[in-house]
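The structure appears below as structure tokens.
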Amino acid sequence: MKDLDRKPITNSHWGTYWVESENGEPTGLTPFEHDPDPSPIGAGMVETRRDALRITRPAVRRSWLEGGPGTLGAQRGSEEFVEVTWDEVNRLIADELQRVRRDHGNKAIYAGSYGWASAGRFHHAQGQLKRFLNLVGGFTSSVNTYSFAAAEVIVPHVLGDFRGFLDRMTSWESIAGHCDLFVAFGGVPLKNGQITQGGTGAHVQKAGVLAAHAGGTRFVNVSPLRADVLDQVEADWLALRPSTDAALMLGLAHVILSEGLHDRAFLERYTVGFERFAAYLTGETDGVAKTADWAAAITDIPADTIRDLARRMARGRTMISVAYALTRQDHGEQPYWAAITLAAMLGQIGLPGGGVGFGYSAMNHTGLNRRQVPYAAFPQGQNPVPDYIPVARVTDMLENPGGTVDYNGRTLTYPDVRLVWWAGGNPFHHHQDLNRLRRAWAKPETIIVNEWCWNSLARHADIVLPCTTPLERDDIAMSPKDPFITMMDKVGEPVGEARDDHEIFRGIAAAMGVEEAFTEGRSAGEWLRWLYDLSRQAAARGRIELPTLDELRREGWHRVPAPGKQTVMMEAFRADPEARPLKTPSGRIEIFSETIAGFGYDDCPGHPAWIEPLEWLGKAGAGNALHMISNQPKTKLHSQIDHGSLSRSDRVAGREPVLMNPEDAAKRGLSEGQIVRLFNARGATLAGLRISDEIRPGVIQIATGAWYEPAGETCVHGNPNTLTPDKGTSKLAQGPIAHSCLVEVEAAADVPPVTIGVAPPVIERGG
């Protein structure tokens, strides 16, 4: 936007910032004055905008350009690119789409495009892609997320909804005023709470934790990592074996049941199936009582500690919080189901400060007391193709066209995918067993990517379309997850020939004769006004007054007033379960699900259960292996801006750091700062060693997000997904199980240089 009477402003996943600029170029970001705990990550948007890894022109992999679709797909990731004009690339893509649709049908197009794009309401990469493809016949899609796929499927069977509850989580204010004990399975990792999809105005997670502590709430950190709860709250640390949370919850439930501490009246009125679960808990059905001693042998938490925690939970108002990470393990459905059941036994669901919560500090909006405003979104239209896959089964799909997969009571058939299109997100960051993915990635005939920098995804594409960054386009951040509405001002011109995603698809749509249908005759600015006007109307219907677009432009931001009362999840259901039933078959909390039992899955029975994970420290034959936790990074979102200075500042000799307990380091003769090799049968990665007693023995921690740089089967940069198993959580959800991973660690004998910071060879070619 030009001729502003104020400083330019922008919004992102990491926060809101005022933009410093000079001569039409952004030079820095100043945190929003209403943000008490700003994230430093956003600054990377400025420093990386014009660096050597910026993609400035459309580029096509040489073999694909010369030999056509399907030529030497195995060379993706290692071959040079040829720059072409936008007119030429638009024709190439239009012709390729027509070929695939004619010869194989639209279901041969996979537009998974999973990932986080800009915070803007209009320039949303996936929305633009899906609208375009829906206009030309559709595509095979994906369902669920890598973040919490198992919960997305299991919780609706138990509570009738999941996503809705994420947006109505009991507020931190309610916890501070009423909660006696906050039991955090997977912790409350503030590093994760730096972000919220759709944009962040003011960070509340740290203040929420500290306010609860000041109000008398005691915290229990159930995690192999001490740092998963803020030091200042002096949490009790239960450093359990990874992937055993469900066993611990069952042990707690057994104590509560056997000592008569459960709320019989709540169970009778608000739940179904408790008797079936109790029969499993006491060993009546399988001969194994899930006692504290039984749980102690699995979790490595002393039985007396388990009994003491169960009694403390029953004595006062208790919040049971389960991190998203708990779903990313083998049988990841079970911890969430068990946590809901445990909370139901305590009878505090729907009460202020108590019950169960999903992912406190997984994102900034969790526990943020706010009004829900149904803002308008860019319309995607209807996808004529009914085919879909669970999102984490993309490698299976590419490997097994025509194969089948069980999912949530259905049997799905994998399509024969010939073209993959990714706009936003990076599968070479978040998918498991990357060496296997790389082999499967060679099979499609064409891979198209919208990207702004030469990350690992762009390097593994056939056609790369350079897109703009948020600072190079006008937009509005307005998300139901955050009370702030923010203008996102265009501060600098696109670098090189980069185009925003709407303009990219407009050009291809024109080459295919559907430009008018795609744009509806509106410019980007006109779409913004249309979206905002619809949003104002929707807000007004909820008696929320928003400023006009011109007023918003003048001020730069607006805050929607907070609701008049604190949010308490499931409060209405508790008050009147007959008038406000859950969307489950029974209308109540389904501790036993007849629906799931009817699926007949051997890896997901009809009630919460302990099922031994694929890989864990208690597994017979685990030997000297270490359990690897590959959690979210603190210096970036996923792999975004991994090449920025903040991310690089946390490296050890250019590699991602790996945390190890001193006892494990001593056994292996390893020392601080050493480059080590993490390996198993799936592959290897190199990392820089950090030694600390903040992690329990037998466990190592390495964050995800390092750009994948393979040398054979080894990532030299420190991406842990070369090691993680690519198997579904169960036949129910088919979610990812990255946290069920055993590895060996040794000193690295060969340490190749990291070169991912250098752009791939690109040949310039005239128009």
Side-chain angles (χ1 to χ4, degrees), residues 147-148 150-152 154-156 158-190 192-193 196 204-213 215 217-223 228-230 233 235 245-246 248-249 252 266 270 309 313 316-327 332-333 335-370 372 481 566-574 582 589 608:
S147 295
F148 41 54
E152 286 179 279
I154 190 68
V155 177
V158 182
L159 296 181
D161 193 8
F162 176 63
R163 288 281 186 166
F165 290 133
L166 290 182
D167 290 333
R168 297 191 299 274
M169 204 67 58
T170 298
S171 68
W172 279 112
E173 291 87 346
S174 179
I175 291 168
H178 301 278
C179 181
D180 298 309
L181 188 66
F182 191 106
V183 183
F185 288 90
V188 186
L190 296 183
N192 295 5
T196 287
V204 303
Q205 295 299 318
K206 184 176 182 179
V209 171
L210 291 175
H213 174 62
T217 303
R218 290 290 303 169
F219 284 81
V220 179
N221 177 23
V222 186
S223 169
D228 273 344
V229 171
L230 190 67
V233 304
D245 305 86
L248 178 56
M249 293 175 192
L252 293 166
F266 183 91
Y270 298 97
L309 178 58
M313 293 170 73
R317 187 64 54 83
T318 297
M319 172 61 74
I320 299 170
S321 172
V322 282
Y324 293 174
L326 269 61
T327 70
E333 298 86 357
Y336 267 57
W337 202 351
I340 295 166
T341 300
L342 189 57
M345 292 176 69
L346 294 173
Q348 299 180 14
I349 291 174
L351 293 179
V356 66
F358 309 134
Y360 281 99
S361 202
M363 287 191 281
N364 182 61
H365 78 277
T366 308
L368 171 58
N369 209 42
R370 67 195 187 284
Q372 297 289 306
K481 300 178 185 298
Q566 297 167 2
T567 303
V568 177
M569 191 179 92
M570 300 180 69
E571 182 179 41
F573 167 69
R574 185 185 183 102
L582 302 179
I589 299 168

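For reference, positions follow the sequence shown, starting with 1. Worth knowing before you read on, the calculation uses all heavy atoms, side chains too, and leaves out hydrogens, waters and symmetry mates.
- Checked against V183 for a side-chain contact (heavy atoms from CB on, under 4.5 Å), the options L252, N221, V222 give a single hit: V222.
- Going from atom CE of M249 over to atom CH2 of W337 covers 14.0 Å, rounded to the nearest 0.5 Å.
- Checked against the 6.0 Å centroid threshold, F148 and F358 do not count as a close aromatic pair.
- Taking the side chain as every heavy atom from C-beta outward, M313 and L342 approach each other to under 4.5 Å.
- Contact record, P156 with A151: CD-O, 3.6 Å, taken as the closest heavy-atom pair.
- Taking the side chain as every heavy atom from C-beta outward, V209 and F219 approach each other to under 4.5 Å.
- Within the structure, every pair that satisfies the side chain to side chain donor-acceptor pair (under 3.5 Å) test and touches residues 360-369, not counting sequence neighbours, is listed here: N369-T567.
- Listed here is the closest heavy atom pair of G353 and S174: N-OG, 2.9 Å.
- Taking 4.5 Å as the limit, every side-chain heavy atom of T170 sits out of range of all side-chain heavy atoms of H178.
- Side-chain atoms of L159 and F573, non-hydrogen and from C-beta on, never get closer than 4.5 Å to each other.
- In plain terms, the two heavy atoms of G359 and Y324 that are nearest each other are CA-CE2, 3.7 Å.
- Note: L181 CG to L309 CG = 6.5 Å, rounded to the nearest 0.5 Å.
- To the nearest 0.5 angstrom, M363 atom CE is 10.0 Å from N192 atom CG.
- A donor-acceptor distance shorter than 3.5 angstrom exists from the side chain of Q348 to the backbone of G316, with no hydrogens or angles considered.
- Within the 4.5 Å cutoff, the side chain of L346 has heavy atoms near those of the I320 side chain.
- For the pair T217 (side chain) and C179 (backbone), a donor-acceptor distance under 3.5 Å is present.
- Panel note: side chain D180, backbone R317; a donor-acceptor pair is recorded below 3.5 Å.
- Atom CG of residue D161 and atom CZ of residue R168 lie 6.0 Å apart, to the nearest 0.5 angstrom.
- Remark: the backbone N or O of L351 is not paired with any side-chain donor or acceptor of R574 at under 3.5 angstrom.
- Between V188 and L230, every side-chain heavy-atom pair lies at or beyond the 4.5 Å cut-off.
- Minimum interatomic distance between F266 and G347 (heavy atoms only, all atoms of both residues): CG-CA, 3.6 Å.
- Contact annotation: the side chain of T341 approaches that of P608 to within less than 4.5 Å [non-hydrogen atoms, C-beta and beyond].
- Every residue two or more places apart in sequence or in another chain that forms a side-chain hydrogen bond (donor to acceptor under 3.5 Å, both in side chains) with D228 is listed here: S223.
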### Message
What verdict does the side-chain contact (heavy atoms from CB on, under 4.5 Å) test give for V158 and Y336, after you've listed the backbone C-alpha separation in whole Å, the side-chain angles of each residue and the deciding distance to 0.1 Å?
### Response
CA-CA 10 Å; V158 182; Y336 267 57; over 6 Å; no
### Audit row: V204, R370, side-chain contact (heavy atoms from CB on, under 4.5 Å) steps and yes/no
CA-CA 12 Å; V204 303; R370 67 195 187 284; over 6 Å; no
### Task
Please lay out, stage by stage, how D167 and K481 fare under the test salt bridge (charged side-chain N to carboxylate O under 4.0 Å, His left out).
CA-CA 7 Å; D167 290 333; K481 300 178 185 298; 3.0 Å; yes
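- Not one N or O on the side chain of E173 forms a donor-acceptor pair closer than 3.5 Å with the backbone of Q566.
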